[in-house]
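First comes the structure, then the notes that go with it.
In what follows, chains carry the letters A, B, and so on, assigned in the order in which the sequence lines appear, proteins first and then strands, with residues in each chain numbered from 1.
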Amino acid sequence: MINYEKILNPEQRQAATAGDGPLLVLAAAGTGKTHTLVYRVAHLLERGVPPEAILLLTFTNRAALEMLERARAVCGDQVGSVWSGTFHHVCNRFLRRYADRIGFRNDFIILDRDDARSLIDGCIKDLHIQSKDFPKKDVLASLFSNAASRGLGIGDVIDENLEALRVDVADIIRVGEAYVAKKAGLQAMDFDDLLTQGLRLITEHADICRSYQERFEHILVDEYQDTNGPQAKLVDLLAAQRRNVMAVGDDFQCIYSWRGADFRNIMEFPKRYPSCVIIKLERNYRSVPEILAVANACIAGNPDQFQKVLRATRPERAKPRVLRLRDGNEQADAVIRLIRRYRDDGYRFADMVVLYRAHFHSIELQVALGRAGIPCRITSGVGVFEQAHVKDVLAMLRVCTRPDDRLGFDRLLGMLRGVGIKTLDGWWAKLGERFDSADPAQRQALAALMRPSARGEWEPLDKLFGEYHDEGLAANGGELIERFFERFYKTYMARTYEFADRRAEDIRELEVQIMRAASVPAFLSEVALLTNVDHEYNRRNRGEEEDAVQLGTVHQAKGLEWPVVFVIWAAEGMFPSSRTLDEPSGDAEERRLFYVAVTRARDELVLAVPEIRRTRDGGMFFCKPSRFISELPRELVRESFGNRM
DNA sequence: GTTGGGAGAATTTTT
DNA sequence: TTCTCCCAAC
């Protein structure tokens, strides 16, 4: 029996041990939200709810893993059967089982952002749209995604910017339709499709819906404030019978509106579930009171929020610092000096993080850290599994397993010298619109189509495919990748990309990851959903973490904490970002983002405010200090200027 | 048809 | 200053 009284405070206990029925837990930052969820799971299991009847939806895979790890420590291996993961992950699981019911095959492929964009580009070309003003693929991709994640049509989300271009909206819609058709033809879904098709699956098929409704006795949703329309609908639908939903979130931390997150979902939860019990967690165990004072001050007065105040439990320490600096270089120097000072005080590099609004804000600092010899790890914008060289290897795996994977075919064979789109078109048609790598006759046929020079390069691949199917390498993807790398890819990579050794490391990482999956096909069905934050988490779990300062965006830092936090570029136009301020509730969202940044810190918080921004072409302009700094009551912080720290 | 060079534009956040 | 696109040479 778990002694909840000892482990949880009264509010946490109320949430963890509540009976059936809807539950809304408003958990402010650092108030033990994960802890509470872990013991909620433990309590349900203790009450006799079977683990496979619990659905735990989280915002990142990392959060799901962490929660299950901790729950496992409390209640043992049975937690392994709990359904958990991101909405995308869970929908993927539904669809892998039932996609045939909505006109897809169950082994559909998942398109990452890059794949989606190039397909859209293909659609524009197919439709012979040539106007110079026509929106580029990137713009269209985010437009389509925006529509999907808000559950709207494309026409509904065309904004003024696009209308100003005097582009025919009908053309954009035609591209959208062509994109849908193209995806269907390739048996492919993009990230948004996973959600919308997953939702469609249970909306249109009452039997499937009912079976999941019966299966999931309890649904727990973490970070509920960042759910979008389709996600909230999915939860409502799955919970429609039993109504055992526990939504945990913090409206102050809704930072994904641009991705369709609608914090009305959390605000209106009590309306949709009138009988729900509302519990507020406000006792903060993470940060020292001085940091909480800044957090409370910067978020106070944001409109339309559940009123919550962070209450400190830790003893007093020192006020957060505000550094007034001349420019990015001085900022980098100041940050480095403080990093060294904190290290002398006994912190490890790994206890420190530098957060910023956008990736490009970190460039000067990266260079300076390198010069200073301070180890750092950057959680970059491009996912580990989205990088070109990793996708090259994945293409090989896809050709191994999926005879009609045109995208994989194109990517893999396009690596041969002198082979481009037109050639590939021809080969694909002549092979009968499929290429079965298991079939020696087809491999022969393909080789026969090649020019002698390409055939020479193709040979090692041909051999590899034979080995894959004959030796049963499907269960040993690591070996498969290793052979591919040694016999073919190493050479290709060396002539194609710079920093080949760094890239080789990523491929080795891929080998490690694939060995954790049951088989090559199983790995492929999930890989697109892995993110670089998950990747960091895995590394740390394997004990591979070196002592290094972390760098990353505030978005990536969500749900994490560090003893020492630096927030750089706290200047108007940077943070808050000038782009966002044009949007209706841009200010409120940026403020929430700043709040998230501040509340990551346990002991020490440093806010850096440079005055001048230099552009690449040598120009410079002045920035005012961020409104989030200038609005702070002065007595809450320690200010220092430039070199006088 | 493919490749590589050169000119031009452009810098938010992510499953 | 880095990525992307277009055009000219192989």
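- One interatomic measurement links the two molecules: CG of L95(A) to P of dT15(B), which rounds to 19 Å at whole-angstrom precision.
- At the heavy-atom level, I421(A) lies under 4.0 Å from the strands shown only through sugar-phosphate atoms.
- Using a 4.0 Å cut-off, some side-chain N or O of K137(A) falls inside it from OP1 or OP2 of dC5(C).
- Side-chain contact between Y356(A) and V567(A): absent, with no pair of heavy atoms (C-beta onward) separated by less than 4.5 Å.
- The two residues A445(A) and L431(A) make their nearest non-hydrogen contact at CB-CD2, 4.0 Å.
- Counting heavy atoms from C-beta outward, T227(A) and F87(A) have side chains that approach closer than 4.5 Å.
- If you measure from atom CE of M450(A) to atom P of dT2(B), you get 13 Å, rounded to the nearest angstrom.
- Q556(A) has a side-chain polar atom (N or O) that falls below the 4.0 Å cut-off from OP1 or OP2 of dT14(B).
- Each of L424(A) and E590(A) has a nearest nucleotide on DNA chain B; the 5'-most of these lies closest to L424(A).
- Side-chain atoms of R357(A) and base atoms of dT13(B) include a donor and an acceptor less than 3.5 Å apart.
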Completion exercise
The dot-bracket string of DNA chain C, counting Watson-Crick and G-U wobble pairs with both distances under 3.5 Å, using [ ] for crossing pairs and | for pairs to another strand, is .|||||||||

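- Between the CG atom of D114(A) and the P atom of dT14(B) there is a distance of 15 Å, given to the nearest Å.
- Using a distance-only test at 3.5 Å, with no hydrogens or angles considered, a donor-acceptor pair links the side chain of E457(A) to the main chain of R417(A).
- Taking atom C1' on both nucleotides, dC5(C) is separated from dT12(B) by 23 Å, rounded to a whole Å.
- Checking R259(A) against G414(A), the closest nucleotide of DNA chain B that is more toward the 5' end is the one next to G414(A).
- Nearest nucleotide to the T423(A) side chain, out of dT13(B), dG1(B), dT15(B): dG1(B).
- Rounded to whole Å, the distance from CZ on F594(A) to P on dT13(B) is 18 Å.
- To the nearest whole angstrom, the two P atoms, one in dC6(C) and one in dT11(B), are 16 Å apart.
- Ring-base stacking between W258(A) and dT13(B) is satisfied, the centre separation being under 5.5 Å and the plane angle under 30°.
- If you measure from atom CG of D410(A) to atom P of dT2(B), you get 11 Å, rounded to the nearest angstrom.
- Phosphate proximity of dT13(B) to T580(A): absent, as no side-chain N or O sits under 4.0 Å from OP1 or OP2.
- Shown here for L355(A) and V353(A), the closest heavy-atom pair between the two residues is CD2-CG2, 3.7 Å.
- The distance between atom NE2 of H555(A) and atom P of dT15(B), rounded to the nearest whole Å, is 10 Å.
- For the pair R591(A) and F252(A), the cation-pi criterion (under 6.0 Å, within 45° of the ring axis) is not fulfilled.
- Going from atom NE2 of H361(A) over to atom C1' of dT12(B) covers 8 Å, rounded to whole Å.
- At the heavy-atom level, S149(A) lies nowhere under 4.0 Å from the strands shown.
- Nearest to the side-chain atoms of K422(A) among the listed nucleotides dT2(B), dT12(B), dT13(B) stands dT2(B).
- Of all non-hydrogen atoms in V419(A) and A454(A), the two that sit nearest each other are CG2-CB, 4.4 Å.
- For E364(A), the side-chain contact (heavy atoms from CB on, under 4.5 Å) partners are N329(A), W569(A), not counting sequence neighbours.
- When every heavy atom of A571(A) is checked against every heavy atom of C623(A), the shortest pair comes out as CB-CB, 3.9 Å.
- Residue H359(A) places at least one side-chain N or O under 4.0 Å from the OP1 or OP2 atom of dT14(B).
- Heavy atoms of F87(A) sit nowhere under 4.0 angstrom from any nucleic acid atom.
- Using a 4.0 Å heavy-atom criterion, one finds that V419(A) contacts the sugar-phosphate atoms exclusively.
- For R451(A) and dG1(B), the CZ to P distance is 12 Å, given to the nearest whole Å.
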